[in-house]
Amino acid sequence: MGQHGKHRPLVIHWLTGLGLAVLASSAEAQNCRLALALALDISVSVDAKEDALQRQGLASALIAPEVRKAFFSSPLPVALTVYEWSGRDAQYIVLPWRLIETEADLLVAATQVSESQRSDSGSATAMGYALAFGASLMEQAPQCLFQTIDLSGDGSNNDGYGPQIAYRHFPFDRITVNGLVINAADFEGELFLIPFFENNVLHGPNAFLEIAQGFEDFERAMRRKLERELTSLQVGALGRSAK
């Protein structure tokens with residue numbers, strides 16, 4: 001039988017125990033499938049009416065039937081936070097991290113967004129700072145398989161460092177950044193803003209851009225984007241990430 005054969009049952013027992021321990025640790029770490037941070041633009045270019053359309057549009061999108069279905073399309077829940085951003089020192093949390101495990105959780109989150117009040121109305125557009133704030137929020141998020149920041153905006157960066165600087169200097173290795181362009185200013189979006197988002201804001205594998213044709217179209221665009229973000233994580237991808 002030999003020396004190794006003599007100890008084979010002990011080795012198998014030890015390996016089995018180690019494997020179970022690793023699986024248990026992995027399961028414990030994976031509290032949710034996605035940590036999703038939604039960032040709303042409240043810079044000076046967004047007036048009070050547009051802010052209301054954006055805020056109420058997000059609240060309505062969260063409880064739209066197709067989005068509700070997407071939230072609960074997997075046994076693993078989604079962790080959700082919402083923050084608003086504008087100038088260098090103007091980032092505020094609208095909805096702290098909340099694990100969306102039931103439809104009641106989602107309704108509470110949507111209500112909190114709907115009832116929130118704008119925190120700033122006179123600041124510039126500091127996208128790099130907004131993304132850096134999002135990265136810091138991800139460090140406080142529940143342990144999830146994936147992390148996504150969802151940046152909405154109606155203008156390009158005009159204050160402080162831009163998105164690419166943020167990506168180089170803050171922990172974005174695991175974070176995907178998607179964008180929602182609000183095309184609200186006489187074709188500015190097609191001529192400049194859409195390419196800016198495509199070339200500077202989108203970050204990570206499979207990052208994508210959604211376009212709202214004005215703030216009146218924000219709810220539709222947000223519904224479409226949320227559904228895509230929440231259903232793009234296939235079971236196979238979850239399995240590979242768990243290994």
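- Residues Val94 and Arg55 approach most closely at CG2-NH1, 4.2 Å, considering heavy atoms.
- Within 6.0 Å of the CD atom in Gln140, the count of heavy atoms belonging to other residues, nucleotides or ligands exceeds 12.
- A salt bridge does not link Glu227 with Arg223: none of the charged nitrogens is closer than 4.0 Å to a carboxylate oxygen.
- Under the 4.5 Å side-chain criterion, counting only non-hydrogen atoms from C-beta, Glu210 is in contact with Arg220.
- Tyr83 is not listed as a side-chain neighbour of Leu40, based on a closest heavy-atom distance of 4.5 Å or more.
- From Asn158, atom CG reaches atom OG1 of Thr125 across 4.5 Å, with rounding to the nearest 0.5 Å.
- Under a 3.5 Å cut-off, the side chain of Ser136 and the backbone N or O of Phe133 do form a donor-acceptor pair.
- When all heavy atoms of Gly179 and Lys225 are compared, the pair lying nearest together is O-CD, 3.7 Å.
- One hydrophobic cluster, built from ILVMFWY side chains closer than 4.5 Å, holds both Ile211 and Ile149.
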Under the side-chain contact (heavy atoms from CB on, under 4.5 Å) rule, what do Leu145 and Leu34 come out as? Steps first, then yes or no, please. CA-CA 6 Å; Leu145 293 170; Leu34 174 66; over 6 Å; no
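- Scanning all heavy atoms of the two residues, the minimum distance from Gly87 to Ser123 falls at N-CB, 3.3 Å.
- Put simply, the side chain of Arg33 reaches to within 4.5 Å of the side chain of Ser73, judged on heavy atoms.
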Do Phe197 and Ser156 pass the side-chain contact (heavy atoms from CB on, under 4.5 Å) test, and can you show the C-alpha distance, the side-chain angles, and the key distance before you say yes or no? CA-CA 8 Å; Phe197 265 74; Ser156 58; over 6 Å; no
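- At distances below 3.5 Å, not a single donor-acceptor pair connects side-chain atoms of Glu219 with backbone N or O atoms of Phe215.
- Ala79 and Trp97 get closest at one heavy-atom pair: O-CZ3, 3.4 Å.
- In this structure, Arg228 is positioned above the aromatic face of Phe208, its NZ or CZ under 6.0 Å from the six-membered ring centre and within 45° of the axis.
- Expressed to the nearest 0.5 Å, how far CG of Leu53 lies from CD1 of Ile182 amounts to 9.5 Å.
- Looking at Thr81 and Arg98, their side chains never bring a donor and an acceptor atom within 3.5 Å of each other.
- A donor-acceptor pair is defined here as one N or O able to donate and one able to accept, closer than 3.5 Å; such a pair exists between the side chain of Gln91 and the backbone of Arg88.
- A continuous path of ILVMFWY side-chain contacts below 4.5 Å connects Leu76 to Leu80, so both sit in one hydrophobic cluster.
- Note on ring orientation: taking the six-membered ring where Trp is involved, the planes of Tyr167 and Phe172 are perpendicular (angle over 60°, cut-offs 30° and 60°).
- Considering CE of Met138 and SG of Cys144, their distance stands at 8.5 Å, rounded to 0.5 Å.
- Side-chain atoms of Asn200 and Met127, non-hydrogen and from C-beta on, never get closer than 4.5 Å to each other.
- There is no side-chain donor-acceptor pair under 3.5 Å between Asn31 and Gln143.
- Ile42 and Val201 are members of different hydrophobic clusters when ILVMFWY side chains are connected at heavy-atom separations under 4.5 Å.
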Val177 and Leu202: CA distance, side-chain angles, deciding distance, side-chain contact (heavy atoms from CB on, under 4.5 Å) verdict: CA-CA 5 Å; Val177 179; Leu202 300 188; 6.0 Å; no
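- Considering every non-hydrogen atom in both Leu131 and Ala166, the closest pair reads CB-CB, 4.3 Å.
- In this structure, the side chain of Asn183 does not engage the main chain of Gln213 through any donor-acceptor pair within 3.5 Å.
- In the hydrophobic cluster analysis, where Ile, Leu, Val, Met, Phe, Trp and Tyr join through side-chain heavy atoms closer than 4.5 angstrom, Phe170 is grouped together with Leu151.
- For CG of Asp89, the number of neighbouring non-hydrogen atoms (other residues, nucleotides, ligands) closer than 6.0 Å is 12 at most.
- Side-chain contact between Thr176 and Thr148: present, with at least one pair of heavy atoms (C-beta onward) separated by less than 4.5 Å.
- By the 4.5 Å heavy-atom criterion applied to side chains, Ser152 and Met222 are counted as neighbours.
- A donor-acceptor pair under 3.5 Å is formed between the side chain of Asp41 and the backbone N or O of Asp154.
- A side-chain N or O of Ser119 and one of Glu84 form a donor-acceptor pair less than 3.5 Å apart.
- A distance of 11.5 Å separates CZ of Phe71 from OG1 of Thr231, quoted to the nearest 0.5 Å.
- No side-chain heavy atom of Leu99 sits under 4.5 Å from any side-chain heavy atom of Asp105.
- Atom-to-atom distance recorded for Arg118:CZ and Asp47:CG is 7.5 Å, nearest 0.5 angstrom.
- Of the N and O atoms on the side chains of Gln56 and Ser114, at least one donor lies less than 3.5 Å from an acceptor on the other residue.
- Distance CD/Glu229 to CZ/Arg224: 12.0 Å, rounded to 0.5 Å.
- Leu226 and Phe72 fall within a single hydrophobic cluster, where Ile, Leu, Val, Met, Phe, Trp and Tyr are joined by side-chain heavy atoms under 4.5 Å apart, directly or via other members.
- Between Leu62 and Arg68 there is no side-chain heavy-atom pair separated by less than 4.5 Å.
- Nearest heavy atom pair, residue Leu36 against residue Leu38, reads CG-CD2, 3.8 Å.
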Output, in order, the C-alpha distance, side-chain angles, deciding distance and verdict of side-chain contact (heavy atoms from CB on, under 4.5 Å) for Tyr92 and Trp85. CA-CA 7 Å; Tyr92 302 91; Trp85 65 277; over 6 Å; no
